[in-house]
Amino acid sequence: MKKKSLIGIIAGVVLVPVVACAILLNFKGVGIDDSSARRELAEINSETTFSIDDEAIALAASSDTNMGLRNIALDALDEVNAERAANGLNSLKWDGNLEAAASVRSQECEISFSHTRPNGKAWNTVNSRVQGGENLAYGFNSAEEAFNAWMDSPTHRENILWPDFNKCSIAIYEADDGTFYWAQEFGY
């Protein structure tokens with residue numbers, strides 16, 4: 001009887017950490033940055049100096065565009081517009097300038113998953129002339145998953161349902177480890 005107990009204990013001591021490590025190594029986290037990232041139109045219009053990070057935009061534009069990921073981003077915008085319609089709001093139009101900013105921000109999120117850019121500047125300094133709001137996410141593999149996560153977050157939901165926004169673009173960057181980084185940029 002004591003042999004079986006000792007074998008069970010040894011197996012537990014050896015197997016539990018091995019299984020836990022295997023689970024952790026295969027786990028791909030998901031998340032969103034719950035802090036608020038929105039600027040009022042009046043704030044944008046009152047700026048006397050705009051920030052446009054031409055270098056970052058050019059670098060993001062030079063990376064290969066994955067049409068499959070762009071289609072997922074467009075699906076996410078469809079989810080957003082369906083939710084806005086259900087709440088009596090206007091549809092958001094896809095915008096090329098916001099798409100360029102979203103592309104930069106999605107790539108930067110692999111380095112620093114935050115509304116602060118890796119260079120320490122605010123999220124809207126990619127192109128402060130057009131960036132009115134931002135939602136971020138990582139680890140979600142479908143439009144529905146990312147959209148649902150944003151809607152479950154009060155700050156992200158508020159951006160999605162902000163009545164004054166009329167433009168939006170979403171970019172998804174796939175890191176080498178397969179993690180998707182999402183940036184949703186809103187404009188007026």
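Keep in mind it's a predicted model, so treat the numbers as computed, not measured.
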If you group Ile, Leu, Val, Met, Phe, Trp and Tyr by side-chain heavy-atom gaps below 4.5 Å, do [X] and [Y] land in one group?
X      : Y      : result
Ile57  : Tyr181 : no
Leu41  : Phe50  : yes
Tyr173 : Ile170 : no
Leu92  : Trp182 : yes

Polar side chain donor-acceptor pair, [X] to [Y], under 3.5 angstrom:
X      : Y      : result
Asn87  : Glu83  : yes
Asn124 : Gln131 : no
Thr125 : Arg117 : yes

Are side-chain heavy atoms of [X] and [Y] found at a separation under 4.5 Å?
X      : Y      : result
Glu108 : Phe113 : no
Gln184 : Cys168 : yes
Ile160 : Met151 : yes
Val130 : Ile44  : no
Phe147 : Asn135 : no
Lys167 : Glu185 : no
Lys93  : Asn166 : no
Leu161 : Arg157 : yes

Find the distance between [atom1] ([X]) and [atom2] ([Y]) and round it off to the nearest 0.5 Å.
X      : Y      : atom1 : atom2 : result
His115 : Ser36  : NE2   : OG    : 7.5 Å
Asn119 : Ile111 : CG    : CD1   : 10.0 Å
Arg105 : Leu98  : CZ    : CG    : 13.0 Å
Ser106 : Leu69  : OG    : CG    : 9.0 Å
Cys109 : Ile172 : SG    : CD1   : 12.5 Å
Arg84  : Trp162 : CZ    : CH2   : 11.0 Å

* Asked: Glu145 side chain to Asn141 main-chain N or O, any donor-acceptor pair under 3.5 Å?
  ->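 Side chain of Glu145 to backbone of Asn141: a pair is present.
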
Please name the pair of heavy atoms, one in [X] and one in [Y], separated by the smallest distance, quoted to 0.1 Å.
X      : Y      : value
Ser169 : Ala102 : O-CB, 4.0 Å
Trp150 : Leu136 : NE1-O, 3.0 Å
Asp95  : Asn97  : OD2-N, 3.1 Å

* To do: Determine, stepwise, if the pair Asn159 / Glu134 fulfils side chain to side chain contact (heavy atoms under 4.5 Å, CB included).
  => CA-CA 8 Å; Asn159 274 348; Glu134 175 177 83; 5.6 Å; no

* **Aromatic contact, Phe140 with Phe180 (centres under 6.0 Å)** => no

* Got a salt bridge between Arg39 and Glu47, using NZ or NE/NH1/NH2 to carboxylate O under 4.0 Å? -> yes

